[in-house]
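What follows is a set of notes on a single structure, which appears directly below.
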Amino acid sequence: MNYHLRMRDKQLYQQILGIESPWRVVDVELTAGTEEIRVYIQRTKGVELCCPQCGKSCTGYDVRQREWRHLDTCQFKTILVADVPRAQCSEHGVHQIPVSWAEPGSGFTALFERLVIDWLKEANIKAVATRMGLGWSAVDGIMQRAVKRGLSRREDTEIVRHIGIDEVSFQKRHEYVTVVCDHDRNRVVYLADDRKTTSLDGFYESLSDKQKVCIESASMDMWPAFINATRKHIPDADSKISFDRFHIAKMFNDAIEKVRRAEHKALLSDGDNSMVGSRYYWLQHLGDVSRKRWPDFKALRAIAVKTARAWAIKEHASSLWNYVSRGWAEKAWKKLLGWMSRSQLPAIVKLAKTIRKHLWGIINAIVLGTSNGKSESMNSRIQKVKSSSHGFRNRDRFRNAIYFHLGDLNLYPEPKA
Ligand SMILES: [Zn+2]
């Protein structure tokens, strides 16, 4: 048995749905047993049809029935149904005329898409699909369209002053996506495959000359491809490229880890297991080690003298990021490099060479004030997107998710009629 609403209730539906003239709700049908409400919408006959491209008055071509999933009415799945005319323009051919409740080509109303987009901000595609009773690819489609919409709405004359460039791996190791962030607005502005010079070229080539000149700092790791691309496109790049603190801290930690492993092995072969389980200590700053553990850590440093030396060098390096003057910063870092070169720890000596070669960009980071952890926070936000989606099957999906969550885009549909 089917239930139909009375006139007054149809008007109520029309109000709730925001259906405007020349469209009106002509029937609302609840089919018992299906838990589905179908709202039939009709266009008043004889109302002029206009070409959606040029707005010129057209003749009708034909009429096609279309359906859109809408927000549920109470617990009932709600479907809008309408016969939508197609208009024939002498210049632009046959086009379906737009409707006020949905974007062209979508099987969902704009309000429904908004809801899915809101859910997607909180949960992954699979969870949202289950929650909304949709297929995985339907939700993925809404997400992809949202990103496309958001990107197309972005102003291409926007000025971005402080950029951060990083690479992130996705699922398979050694496969990368290049990420360009706008540090001022804390959002991702550009993504490209791989981490080659050409990956970053694409970003710079999308900028006007004015936009290029306005870039005041470009912070990155020491990856040559990123340095080269920036030098190629940005005027006076050598005073703007900054090697950020986050990546340099990581290089120090990696070097310490090498020293620790070698020393641990040597001690173990002498039957000394003092360094077992000590790895975490060396990753911390002294201030992070709890007071209770100070005696242990001190005793450890007296035994693991090489690792302790490497650690002390890292501690000192981490105190050299707050200079204001280029001259003083340079002096202090050169002193540290001297200490590193004389440390007799191969991993640290090697790191000193790398840093010496790139010292200019570290000094830039210090005097430009770009060493404030923004790269680190964006990197961890991307890792969060990655882990909440349980990895990505391909790079396009990964890129899409980053834009969706971190692009600060205007994602919602706004149909026009
Ligand atoms: Zn036209």
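Whatever order the structure lists them in is the order used to number ligands and atoms, beginning at 1. All values below were derived from every heavy atom in this structure, side-chain atoms included, with hydrogens, water molecules and symmetry-related copies excluded.
- Ring pair F297/Y281 is parallel by interplanar angle, where below 30° counts as parallel and above 60° as perpendicular.
- Classification of E216 and R161 as a salt-bridged pair holds, one side-chain N sitting under 4.0 Å from a carboxylate O.
- The 12-atom threshold is exceeded at CD of Q65, counting heavy atoms of other residues, nucleotides or ligands nearer than 6.0 Å.
- Taking the Zn ion (ligand 1) as the corner point, the angle from C54 atom SG to C89 atom SG is about 110° (rounded to 10 degrees).
- Closest to the Zn ion (ligand 1) among the N, O or S atoms of H92 is ND1.
- Ionic pairing of R153 and D156 is not present here: no N-O contact between side-chain nitrogen and carboxylate oxygen is shorter than 4.0 angstrom.
- Backbone or side-chain N, O or S atoms of H95 do not reach the Zn ion (ligand 1) at under 2.8 Å.
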